[in-house]
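Worksheet: the structure to be examined is printed underneath.
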Amino acid sequence: MPGKFENKKVVIAGGSTGVGFATARLLHEAGAQVIITGRSEDKLQAAKAALPGITTVSLDSNNRQELDGFFKSTGNFDHLVLSLSGGKGAGDFANLPLEDLRTGFEGKFWPQLNTFQAAIPYINKSGSVTVITAVSAVSKAPGTSGLAAINGSLELMLPTIAKELKPLRVNAVSPGVIDTGWWDFLAPEEKAKTFEYYKSITPLERIGQPEDVADTIHFLMGNPNITGTIIRCDGGLVL
């Protein structure tokens with residue numbers, strides 16, 4: 001008996017690495033027709049080599065003209081996953097360069113909304129959109145006010161958008177500390193110390209893996225009775 005994703009067309013924006021790639025792998029294995037987008041041709045080619053049969057498209061999700069052309073050529077599809085992200089915006093507010101915060105919005109908030117809006121005419125109403133935010137939206141941890149602004153803004157918009165676009169399902173997954181390339185701005189030793197710290201304050205005493213988040217995305221995409229919902233996949237970090 002065919003699975004619920006077999007032959008479904010799925011677009012994953014930012015799908016060449018990390019959570020996006022883990023989601024692409026899971027859906028590809030479930031029989032979906034997976035299309036991933038990204039800006040790095042090298043990363044896209046590596047993803048395609050790892051997952052033969054997927055389609056990769058190089059584009060800038062801050063460029064609306066490119067997005068409009070991409071979705072027009074792609075045609076109707078079933079599910080959209082927004083896994084676009086940048087690495088800027090963290091730091092204590094008193095010393096946070098506001099230009100870094102602006103860059104953080106340009107790396108995640110605006111490209112996610114740009115991609116989402118451009119895709120709306122082509123997403124089948126029986127399908128879904130899943131936005132990837134982050135636990136910083138609600139954690140209130142020192143040094144994350146800028147990240148809270150970026151991710152919290154996306155989360156605040158989501159329920160209203162879900163009502164406007166009904167019956168299309170619109171949800172979000174909010175990861176905690178996940179072992180992805182996002183943390184590569186830290187030197188290896190500092191990264192290891194940071195992960196040990198987060199393990200010590202997280203109830204599940206572990207650092208999340210991209211596959212944990214991909215599994216949550218997979219669940220939301222496949223459940224026909226959930227919309228306007230944010231699921232935390234954070235190991236209990238915000239408890």
Side-chain angles (χ1 to χ4, degrees), residues 5-87 103-133 150 153-154 157-158 161-162 164-165 167-173 180-182 210 213-214 217-218 220-221:
F5 291 107
E6 190 165 344
N7 298 320
K8 296 294 185 180
K9 188 187 293 188
V10 181
V11 175
I12 304 177
S16 61
T17 60
V19 168
F21 178 74
T23 305
R25 182 189 295 278
L26 187 59
L27 293 169
H28 178 62
E29 292 173 351
Q33 179 185 344
V34 178
I35 304 167
I36 65 173
T37 71
R39 288 186 297 180
S40 170
E41 186 63 42
D42 289 344
K43 291 178 181 178
L44 289 169
Q45 289 303 316
K48 191 169 187 176
L51 300 176
I54 69 168
T55 300
T56 61
V57 178
S58 177
L59 60 79
D60 180 357
S61 287
N62 272 317
N63 186 320
R64 186 56 179 266
Q65 187 174 357
E66 284 189 24
L67 286 167
D68 288 341
F70 163 70
F71 284 113
K72 184 176 181 180
S73 65
T74 298
N76 290 352
F77 65 101
D78 301 289
H79 301 280
L80 174 65
V81 178
L82 296 169
S83 187
L84 300 156
S85 187
T103 301
F105 269 91
E106 293 291 342
K108 183 167 188 176
F109 180 79
W110 291 116
Q112 286 213 20
L113 293 189
N114 232 347
T115 305
F116 192 166
Q117 197 176 66
I120 289 171
Y122 304 96
I123 308 174
N124 294 330
K125 290 296 186 179
S126 59
S128 72
V129 178
T130 307
V131 180
I132 312 305
T133 61
I150 297 166
S153 296
L154 289 168
M157 295 179 72
L158 186 138
I161 294 173
E164 291 175 354
L165 297 181
L168 179 68
R169 294 180 292 109
V170 181
N171 296 293
V173 176
T180 69
W182 189 90
V213 187
I217 296 167
H218 180 270
L220 278 178
M221 290 173 61

Shortest non-hydrogen contact between [X] and [Y], atoms and distance:
X	Y	answer
A172	L220	O-CD1, 3.6 Å
A47	S16	CB-O, 4.0 Å
K125	L165	NZ-O, 3.6 Å
M221	V10	CE-CG1, 4.0 Å
L44	T56	O-CG2, 3.6 Å
P121	N76	O-OD1, 4.4 Å

Nearest 0.5 Å, what's the [atom1]-[atom2] distance between [X] and [Y]?
X	Y	atom1	atom2	result
K9	I123	NZ	CD1	12.5 Å
S61	N114	OG	CG	7.5 Å
T130	I217	OG1	CD1	6.5 Å
K8	S126	NZ	OG	5.5 Å
L84	I12	CG	CD1	11.0 Å
L59	Q65	CG	CD	12.5 Å

key: CA sep, side-chain torsions, deciding dist, call: F21, L51, side chain to side chain contact (heavy atoms under 4.5 Å, CB included)   = CA-CA 9 Å; F21 178 74; L51 300 176; 3.5 Å; yes

request  = Only pairs at least two apart or in different chains count here, so list each ring-ring contact (aromatic ring centres under 6.0 Å, His included) that has a residue in residues 42-71.
outcome  = F71-F77

request  = Using a strict cut-off of less than 4.0 Å between a Lys/Arg side-chain nitrogen and an Asp/Glu carboxylate oxygen, indicate whether K72 and D68 qualify as a salt bridge.
outcome  = no

message = side chain to side chain contact (heavy atoms under 4.5 Å, CB included), that's the test. Do L154 and L113 meet it? Break it down for me.
response = CA-CA 8 Å; L154 289 168; L113 293 189; 3.9 Å; yes

request  = Sequence neighbours left out, what passes ring pair (Phe, Tyr, Trp, His ring centres under 6.0 Å) with F116? Give chain and number order.
outcome  = none

message = Under a 3.5 Å distance rule, please check whether E66 uses its side chain to pair with a backbone N or O of S58 as donor and acceptor.
response = no

query = Considering only heavy atoms from C-beta outward, does the side chain of T180 approach that of T17 to under 4.5 Å?
reply = no

Please report, to 0.1 Å, the donor-acceptor pairs under 3.5 Å made by any side chain of residues 24-43, with sequence neighbours excluded.
from, atom 1, to, atom 2, distance (Å)
H28, NE2, P52, O, 3.1
S40, OG, K43, N, 3.2
E41, OE2, Q45, NE2, 2.7

